[in-house]
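Residue numbers begin at 1 in each chain, while the letters A, B, ... track the order of the sequences. Predicted model, so just to flag it, every value in this text is computed and none were measured.
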There are 2 protein chains.
Amino acid sequence: MNHRLHDRSANSLPEACPGLRMTPQRQEVYRVLMNRRDHPTANEVHSRVKKRLPNISLATVYNCLETLVDHGLIRQVNFERESSRYCPNVKEHGHFHDAASGAIHDVEFKPGVNLADFLDLPPGAVIEDIEITLRGKLAAS
Amino acid sequence: MNHRLHDRSANSLPEACPGLRMTPQRQEVYRVLMNRRDHPTANEVHSRVKKRLPNISLATVYNCLETLVDHGLIRQVNFERESSRYCPNVKEHGHFHDAASGAIHDVEFKPGVNLADFLDLPPGAVIEDIEITLRGKLAAS
DNA sequence: TCCTAGATTGGAATTATTCTTGATATTGGA
DNA sequence: TCCAATATCAAGAATAATTCCAATCTAGGA
């Protein structure tokens with residue numbers, strides 16, 4: 001079975017991530033993100049994690065999130081100047097922010113598309129990271 | 001002559017923007033942005049503006065920038081959690097952040113492309129604002 | 001078991017930005 | 001022109017997210 005990162009199920013744990021000591025705090029932070037696959041802030045993660053680890057500090061949640069981001073297990077996303085949010089979907093994707101409901105939807109690239117197909121990149125640019133954020137409304141259809 | 005916003009020359013002033021009182025502070029903030037067409041932070045704008053208006057406060061620079069953004073004369077752009085930057089290019093575009101030099105390059109859409117051509121948008125989504133940020137390196141060619 | 005590196009904690013510190021308040025300036029109308 | 005209403009400005013205080021720091025704590029290897 002091929003364990004690509006974004007194929008982890010809600011209960012699988014990244015026990016096999018090299019160089020990462022899987023402490024209870026990190027496991028729980030990771031678990032709550034995989035459980036509800038949404039885009040919580042560090043504060044929201046803290047609230048959720050406290051259900052099982054009542055003594056965990058917000059600083060530790062920040063540390064855990066940073067570590068998980070550094071190891072590529074989750075992604076950090078920023079909307080405007082709001083608090084950072086954390087996203088369990090590590091596949092390359094963008095986000096649609098529904099102004100009415102506040103909901104955030106993942107937006108995938110259509111298969112086979114290439115950045116250079118639609119953007120005038122500076123000559124010689126080697127892209128390492130892409131962030132696409134859309135804001136708008138969902139028409140009540 | 002067709003004065004589209006993004007066609008203003010460095011010396012033209014937005015004296016004709018409806019509902020906007022063009023105070024010396026706002027004019028100067030606008031001018032320094034149009035002069036060097038880069039992506040300064042509020043602090044950098046403050047430094048530049050102080051050359052001509054030595055008594056202007058940082059709070060006023062923030063106020064002016066916000067007002068100009070609200071009136072669509074400039075754009076506010078955010079990279080990660082860094083300080084906001086302000087961009088005189090109001091045409092729809094993205095940004096390429098060169099990790100090596102720190103330079104920020106505007107990235108235009110190729111003519112005729114449509115968001116829905118390369119992104120799987122949620123059904124019924126009406127896009128009001130797009131933010132595209134690329135990070136990478138410029139290959140020394 | 002003991003040691004050590006790394007992890008956790010709580011609180012203090014930092015930093016960008018916003019808010020508050022009083023002073024000042026500008027506008028449109030009498 | 002003069003006044004009143006309104007908008008803007010300035011300075012510093014306040015806020016909020018995040019990071020830093022110093023003191024434990026813990027797990028895993030020798």
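The heavy-atom pair separating B:H39 from B:R85 by the smallest distance is O-NH1, 2.8 Å. Residue A:Q76 comes nearest to A:S84 through the heavy atom pair NE2-OG, 2.9 Å, listed as atom of the first residue, atom of the second, then distance.
B:T60 comes within 4.0 angstrom of a base, heavy atoms only.
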Would you list the protein and nucleotides 18-23 of chain D atom pairs, both N or O, that sit under 3.5 Å from each other?
from   : atom 1 : to    : atom 2 : distance (Å)
D:dT18 : OP1    : A:S84 : N      : 2.8
D:dT18 : OP1    : A:S84 : OG     : 3.3
D:dT18 : OP1    : B:R81 : NE     : 3.4
D:dT18 : OP1    : B:R81 : NH1    : 3.4
D:dT18 : OP2    : A:Y62 : OH     : 2.4
D:dT18 : O5'    : A:Y62 : OH     : 3.3

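Regarding B:D70, its CG atom lies at a distance of 15 Å from the C1' atom of D:dT8, rounded to whole Å.
The side-chain hydrogen bond (donor to acceptor under 3.5 Å, both in side chains) with A:R135 is formed by just one residue from the set A:H95, A:E80, A:H97; it is A:E80.
Cluster note: A:I104 groups with A:V77, A:F79 through ILVMFWY side-chain heavy atoms spaced under 4.5 Å, whether in direct contact or through intervening members.
The nucleotide whose nearest atom lies closest to any side-chain atom of A:R21 is, among C:dG10, D:dC9, D:dA27, D:dA27.
Formation of a donor-acceptor pair under 3.5 Å by the A:E44 side chain with backbone atoms of A:T41 is found in this model.
A salt bridge does not link B:D117 to B:K110: none of the charged side-chain nitrogens sits closer than 4.0 Å to a carboxylate oxygen.
For C:dT8, the OP1/OP2 oxygens have a side-chain nitrogen or oxygen of A:T23 closer than 4.0 Å. Phosphate proximity of C:dA25 to B:Q25: absent, as no side-chain N or O sits under 4.0 Å from OP1 or OP2.
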